[in-house]
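The structure appears right after this line, and notes come after that.
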Amino acid sequence: MDGDQLSKTILKAFFPEFLTLFQPDLAQHIRLDTVQFLEQEIFTDLPLGEKKILDVVAKVKTVSGDALEFIIHIEVESGYPTDFPERMFTYYTVLRLRHRLRIVSIAVYLEKQGDGLWREPYDETVVGKSVVRFECDAMGLPGLDAAKYLATGNPLAFAFAAQMRRGE
């Protein structure tokens with residue numbers, strides 16, 4: 001099993017721990033006992049579009065708020081293809097149309113450092129006019145401080161620490 005596949009398997013097995021560790025603001029609004037994993041196969045264009053298997057797609061319920069249910073979509077990427085933000089937007093669009101729920105998209109980069117945690121934008125313009133602005137949460141494991149995450153005692157921190165910045 002390659003690192004990409006192993007990370008996907010770990011994310012699914014430790015989904016609440018992932019949210020608690022890397023998305024604490026989001027996790028506090030979710031009933032973590034309500035996670036329901038959804039079908040990961042999508043078609044980019046029906047009926048003959050390219051088939052894609054998404055990494056993690058989970059429907060969750062909130063403790064309160066305007067969106068009582070929504071979807072969290074996580075993609076794990078070992079490299080950094082330049083079309084990745086556009087792909088994330090495509091996946092968002094297909095999931096939104098299929099489920100008619102709001103979507104939180106998260107990109108996990110195994111090799112790209114970035115700023116550790118950031119918002120990854122995708123913009124479309126037509127003759128200089130912005131027509132689409134999409135952002136997803138992004139995290140580059142090599143840009144995160146392993147000691148900080150290991151100190152939480154969260155079991156997922158131990159799984160990902162080897163790919164994080166080691167420090168002292």
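Everything numeric in this text was worked out from a predicted model, so none of it was measured.
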What pair of heavy atoms forms the shortest contact from [X] to [Y], and how long is it?
X: His29; Y: Asp25; value: CD2-O, 2.9 Å
X: Arg96; Y: Arg102; value: NH1-N, 4.1 Å
X: Leu150; Y: Ala161; value: CD2-CB, 3.7 Å
X: Ser105; Y: Met88; value: CB-CE, 3.9 Å
X: Gly79; Y: Tyr109; value: O-CD2, 3.7 Å

In Å and rounded to the nearest 0.5 Å, what is the [atom1] to [atom2] distance from [X] to [Y]?
X: Glu17; Y: Phe160; atom1: CD; atom2: CZ; value: 11.5 Å
X: Glu120; Y: Asp115; atom1: CD; atom2: CG; value: 10.5 Å
X: Lys112; Y: Leu141; atom1: NZ; atom2: CG; value: 12.5 Å
X: Met139; Y: Gln23; atom1: CE; atom2: CD; value: 8.0 Å
X: Arg119; Y: Cys136; atom1: CZ; atom2: SG; value: 7.0 Å

Kindly indicate whether the side chain of [X], heavy atoms from C-beta on, has any atom under 4.5 Å from the side chain of [Y].
X: Arg31; Y: Val60; value: no
X: Val35; Y: Leu19; value: no
X: Ser7; Y: Leu110; value: yes
X: Ile30; Y: Phe70; value: yes
X: Asp137; Y: Leu117; value: no
X: Val56; Y: Phe18; value: no
X: Ile74; Y: Asp55; value: no
X: Leu32; Y: Thr20; value: yes

message: Taking ring pair (Phe, Tyr, Trp, His ring centres under 6.0 Å) as the definition, give me every residue that meets it alongside Phe37, ordered by chain and number, with sequence neighbours left out.
response: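 With sequence neighbours excluded, Phe37 shows a ring pair (Phe, Tyr, Trp, His ring centres under 6.0 Å) to Phe15, given in chain and number order.
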message: Can a donor-acceptor pair be found, under 3.5 Å and without considering hydrogens, that links the side chain of Thr90 to the backbone of Glu86?
response: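 Pair found, side chain donor or acceptor close to backbone of Glu86.
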Expected output: side-chain Arg165 to main-chain Gly143 donor-acceptor under 3.5 Å: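 Yes, the answer is positive, given that a donor and an acceptor are paired below the 3.5 Å cut-off.
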field: Contacts of Arg87 that satisfy salt bridge (Lys or Arg N to Asp or Glu O under 4.0 Å) - sequence neighbours left out
entry: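 Arg87 satisfies salt bridge (Lys or Arg N to Asp or Glu O under 4.0 Å) with Glu77, Asp83 once adjacent residues are dropped.
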- prompt: Passes side chain to side chain contact (heavy atoms under 4.5 Å, CB included), Leu95 versus Leu54? Steps please.
  reply: CA-CA 10 Å; Leu95 286 170; Leu54 304 183; 3.9 Å; yes
- request: Could you tell me how the ring of Tyr149 sits relative to the ring of Phe22: parallel (under 30°), tilted (30 to 60°) or perpendicular (over 60°)?
  value: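 Aromatic pair Tyr149/Phe22 classed tilted.
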same_hphob_cluster(Phe158, Val76) at 4.5 Å side-chain heavy-atom cutoff: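 Phe158 does not cluster with Val76.
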- prompt: Are Tyr122 and Val126 joined in one hydrophobic group, where the rule is that I, L, V, M, F, W and Y side chains link up if heavy atoms are under 4.5 Å apart?
  reply: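 Both belong to a single hydrophobic cluster.
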field: Partners passing side chain to side chain donor-acceptor pair (under 3.5 Å) against Arg133 (at least two apart in sequence or in another chain)
entry: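 Asp123, Glu135.
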- prompt: Can you list the steps and then say if Tyr92 with Phe134 is a ring-ring contact (aromatic ring centres under 6.0 Å, His included)?
  reply: CA-CA 9 Å; Tyr92 167 89; Phe134 169 78; 5.2 Å; yes
